[in-house]
Protein chains: 2
Amino acid sequence: MNKAEKKFREHLKREGLKSTPERMVILREVLSAKKHFNADELYESIHKHNKKVSRATVYRTIPLLVECGLIIETLRCQGRVSYERTFGFEHHDHMVCLGCGKIIEFKDDRLEELQTQICERYEFKQVEHRLGIRGYCKECVVKRLDKG
Amino acid sequence: MNKAEKKFREHLKREGLKSTPERMVILREVLSAKKHFNADELYESIHKHNKKVSRATVYRTIPLLVECGLIIETLRCQGRVSYERTFGFEHHDHMVCLGCGKIIEFKDDRLEELQTQICERYEFKQVEHRLGIRGYCKECVVKRLDKG
DNA sequence: TTGTGATTGATAGTCATTCTCAATAAAAAA
DNA sequence: TTTTTTATTGAGAATGACTATCAATCACAA
Ligand SMILES: [Mn+2]
Ligand SMILES: [Mn+2]
Ligand SMILES: [Zn+2]
Ligand SMILES: [Zn+2]
């Protein structure tokens, strides 16, 4: 049993919930699948690996993983909520390319520090923040110049 | 006819669209109603003022107002897209209180400057950005302390 | 004033997400 | 281990924000 699984099981116990095979299948898929995903992609990848978990259970389990800090809600793209696994990864922010959909992750300590200062100024107790920059990546800027 | 209305009319003409009474009712409501709103709140406030515009037309007009730069999509709260009027207002970022739903607007030039630098570093052409900080406002921090 | 194409409202459709509920299974108690 | 309690599951129905459809109507340019 790895660290993430242990963390999840402890969270479930703490909340009076049960450790079920379905929940473990979902967790393992989250840990092995691509870092950014939405509920449906998660459901699909579970089924590609020949595991059977219903869509409802996937949707029900995602909030549990969020609550226990293993994944986080990141962006909303085209009406869908997108998540990413955080366990074993550091916090970072995102750039999203409006041309090709590419996601660039970045982290800047000065940015984080500034936000902390701003929250202090407003006596606001930060839980989380999300910075999303939309625009065009290097490649797409060139493509758009070519087109005129 | 005020500046915003002129801008909207010009945008419509430029796009080969027509200036209709319904669109003008919606624009006026946007200009006079509260700064942050979602599609349904806009529809409701129009009807409270005894104007008749269908929900479909409200949904259809919002993107036109966004395209012409009079309003902007800000946050997504509980599955709803939230907008705010920008005409006559400067860019700013938001804090959202998880306790009472209050929205605090703030602007920090150093933060903006840093973001510009970061985009340059990645050769990313920024179109817009959105920083949302979630947490608890001063009042709600106190309330939560009282409860334990 | 007329002709053409855009717009409207009513309503049906879409699609992600949530709810319902009977059958089942996990964990606690015995 | 067996029983009891309670959470969980899957299937499908429901929800709700938003979008598409379409016939009737309107804006506006000529
Ligand atoms: Mn990421
Ligand atoms: Mn604002
Ligand atoms: Zn790109
Ligand atoms: Zn508050």
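Lettering follows sequence order; numbering is per chain, from 1.
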query = Across the strands shown, which category fits Pro63(B) at heavy-atom distances under 4.0 angstrom: base, sugar-phosphate, nothing?
reply = nothing
request  = Identify which nucleotide among dT8(C), dA27(D), dG10(D) has an atom closest to any side-chain atom of Glu22(A), counting heavy atoms from C-beta outward.
outcome  = dG10(D)
task = Report the distance from atom CG of Leu42(B) to atom P of dA17(D), rounded to the nearest whole Å.
result = 15 Å
ask   = Just how far, in rounded Å, is C1' of dT8(C) from CG of Leu64(B)?
value = 13 Å
inquiry  = Quick test of your reading of the model: are Lys52(B) and Glu22(B) salt-bridged, counting only N-O distances below 4.0 Å?
reply    = no
query = Per the atom types in the model, does the base of dG9(C) pair as donor or acceptor with the side chain of Lys52(B) at under 3.5 Å?
reply = no
ask   = What about Arg60(A), does its side chain sit under 3.5 Å from the base of dG10(D) through a donor-acceptor pair?
value = yes
ask   = How long is the line joining CG of Leu12(A) and P of dA25(C), in whole Å?
value = 19 Å
task = Rounded to the nearest angstrom, tell me the gap between atom CG in Leu17(B) and atom P in dA29(D).
result = 12 Å
ask   = Relative to Phe89(A), does Lys35(A) satisfy both conditions: NZ or CZ under 6.0 angstrom from the six-membered ring centre, and within 45 degrees of the ring's axis?
value = yes
task = State, with a plain yes or no, whether a side-chain heavy atom of Leu111(B) is found less than 4.5 Å away from one of Leu111(A).
result = yes
message = Heavy atoms from C-beta onward define the side chain here; which of dA16(C), dT9(D), dT7(C) lies closest to that of Tyr59(A)?
response = dA16(C)
query = What is the distance from NZ of Lys18(B) to P of dT4(C), rounded to the nearest Å?
reply = 12 Å
request  = Please determine, for the side chain of Ser54(A), which listed nucleotide (dA28(C), dG10(D), dA10(C)) has the closest atom?
outcome  = dG10(D)
key: Length of the CZ-C1' vector between Arg80(B) and dT17(C), whole Å   = 14 Å
query = Rounded to the nearest Å, what distance is computed from the CD atom of residue Glu44(B) to the P atom of nucleotide dA17(D)?
reply = 11 Å
task = Measure from the side chain of Ala56(B), starting at C-beta and using heavy atoms only, and say which of dT17(C), dT8(C), dT11(C) lies closest.
result = dT11(C)
ask   = Would you say dA6(C) has OP1 or OP2 under 4.0 Å from some side-chain N or O of Thr20(B)?
value = no
message = Could you check whether His94(A) and His92(A) have their ring centres less than 6.0 Å apart?
response = yes
ask   = Would you say dA27(D) has OP1 or OP2 under 4.0 Å from some side-chain N or O of Ser19(B)?
value = no
query = Ile72(B), Val30(B): one ILVMFWY side-chain cluster at the under-4.5 Å cut-off?
reply = no
key: Euclidean distance, atom CZ of residue Arg23(B) to atom P of dA6(C) [Å, nearest integer]   = 11 Å
